[in-house]
Amino acid sequence: MRIGYPCINRSIGCQSDATFRLASYSNSMMEAKVSGNLACLQRILEYNLAKGILFFRISSQLVPFASHPICDFPWRRRFLGELKSVGEYVRKKGIRISMHPDQFVLLNSPDLGVHERSVAELAYHCEALDAMGLAPDAKVQIHVGGVYGDRAAAIARFEERYRRLPSAIRKRLVIENDDRLYAVSDCIRIHETCGVPVLFDSFHHECLNAGESVREALKAAMGTWGNADGVPMTDYSSQAPGGRSGKHAETIDLAHFEKYLHSAKKLDFDVMLEIKDKEKSAIKALSILRKMNKG
DNA sequence: CCATGTCAAGGTCAC
DNA sequence: GTGACCTTGACATGG
């Protein structure tokens, strides 16, 4: 089991997700930001390795505006050396990588423009991982999407559009259960129809489920991952005390996490901590894991 | 230098 | 049909 955190490191004082305003777009701005982001990404991975953190989610902003029509900067060519070098480090050290395009990526939108932009954004994520030379076990995770007043049609649209994706995207794409619309059970049914692996999000499962236990849902999701997909990935978080339901915790609740791991005994999966204080919680989570492995 | 309004992108729900 | 909210930090501007 590898433990990780998403996108941002708050300890080492560099940014791998620096961006700029669309209005100030220029090739020199692109050059400067991507260059800085890649250098920082390497530093973060080195920091992580020193702490035993072997799972990391790369920010979608690694290459800002990469899928926007305004972008004519040949970032793959310009940064091929840097991308390959990071990728080699990742492979050599046994690091697991994921990416998570944000809420605007909706494969099943009835609006064809939204769908098209979503595919372009997915293509960018996969091209970045390809340029790093990473195997298909480096995943790109999204949610199923909206319901649009007709669940069955929305699901059918997802399945159909998933099948039509280029294989470069399909080999990396996984779907994650969300906290309001599509539970693990819905995702499993979609998997059965079109084969997309399901990434289990424990916190979302707490918010929305069909009555299965955590272990049942986790096992079902894990069963959708094939050999080429690697060890199943999962997301973990807990409710922010006093916060609105569904709000992610500020820092890890160690008792809650330990209970979760206990319920998942003997299962091997990687855990992404979606917790606000990032590497701080990841380090604490590792100490729990080590303690449990000993005892 | 600091404070604050704003930022590519969508959808849901309450009213 | 319209507007608040989701969720988020950091960019960028104006004082």
Watson-Crick or G-U wobble partner of B/dA9, both distances under 3.5 Å: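 B/dA9 is unpaired by these criteria.
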Under a 3.5 Å limit for both distances, which nucleotide forms a Watson-Crick or G-U wobble pair with C/dT8, could you say?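 Checking every strand shown, C/dT8 finds no partner, since no pair has both distances under 3.5 Å.
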Nearest whole Å is fine: how far is B/dG10 P from A/Ile142 CD1?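 So the two atoms are 15 Å apart, to the nearest Å.
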Just the rounded figure in Å: distance from P of B/dA9 to CD1 of A/Ile70.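 Computing the A/Ile70:CD1 to B/dA9:P distance gives 13 Å.
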Indicate whether OP1 or OP2 belonging to C/dG9 is found under 4.0 Å from a side-chain N or O atom of A/Gln61.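 Checking A/Gln61 against C/dG9: no side-chain N or O falls below 4.0 Å of OP1 or OP2.
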Presence of A/Ser24 side-chain N/O under 4.0 Å of C/dC11 phosphate oxygens OP1/OP2: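 Looking at the OP1 and OP2 atoms of C/dC11, neither is under 4.0 Å from any side-chain N or O of A/Ser24.
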Using a cut-off of strictly less than 4.0 Å between a heavy atom of the residue and any atom of DNA chain B, enumerate the qualifying residues of residues 100-122 of chain A by number.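 Heavy-atom cutoff 4.0 Å gives A/Gln103, A/Phe104, A/Leu106, A/Ser109, A/Val114, A/Arg117, A/Glu121.
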Pairing donors with acceptors under 3.5 angstrom, does anything connect the side chains of A/Asn37 and A/Ser16?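 Short answer, no.
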For side chain to side chain donor-acceptor pair (under 3.5 Å), just list the numbers for A/Tyr162 and A/Asn108, CA-CA rounded to whole Å, side-chain angles, deciding distance to a tenth of an Å, and then say yes or no. CA-CA 9 Å; A/Tyr162 174 78; A/Asn108 75 342; over 6 Å; no
Please evaluate residues A/Asp277 and A/Thr251 with respect to the criterion side chain to side chain donor-acceptor pair (under 3.5 Å), reporting the C-alpha separation (whole Å), side-chain torsions for both, the decisive distance (0.1 Å), and the verdict. CA-CA 6 Å; A/Asp277 67 0; A/Thr251 191; 2.6 Å; yes
Taking only the [atom1] atom of each, what is the distance from [N] to [M] in whole angstrom?
N: C/dA12; M: B/dA9; atom1: P; value: 15 Å
N: B/dG11; M: C/dA10; atom1: C1'; value: 24 Å
N: C/dC5; M: B/dA8; atom1: P; value: 22 Å

Return whichever of A/Ile8 or A/Leu22 has its heavy-atom-nearest nucleotide of DNA chain C closer to the 5' end.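 Mapping each residue to its closest nucleotide by heavy atoms, the 5'-most match is A/Ile8.
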A/Lys276 or A/Arg21: which one's nearest nucleotide on DNA chain C is closer to the 5' end?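 The 5'-side residue here is A/Lys276.
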Kindly state whether the ring of A/Phe200 and the ring of A/Phe269 have centres lying under 6.0 angstrom apart.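 No, they do not, as the ring centres are separated by 6.0 Å or more.
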Establish, yes or no, whether a centroid distance under 6.0 Å links the rings of A/His256 and A/Tyr236.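 Yes; A/Tyr236 has its ring centre under 6.0 Å from that of A/His256.
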Students often mix this up, so state it plainly: with edges at 30° and 60°, are the rings of A/Phe257 and A/Tyr260 parallel, tilted or perpendicular?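 Rings of A/Phe257 and A/Tyr260: tilted, as their planes differ by 30° to 60°.
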Both conditions, 6.0 Å and 45 degrees, for the charged tip of A/Arg151 above the ring of A/Tyr182: are they met here?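 Yes, A/Arg151 sits over the ring of A/Tyr182.
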Among C/dG9, B/dT12, B/dT6, which nucleotide sits nearest the side chain of A/Tyr148?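 The closest nucleotide is B/dT12.
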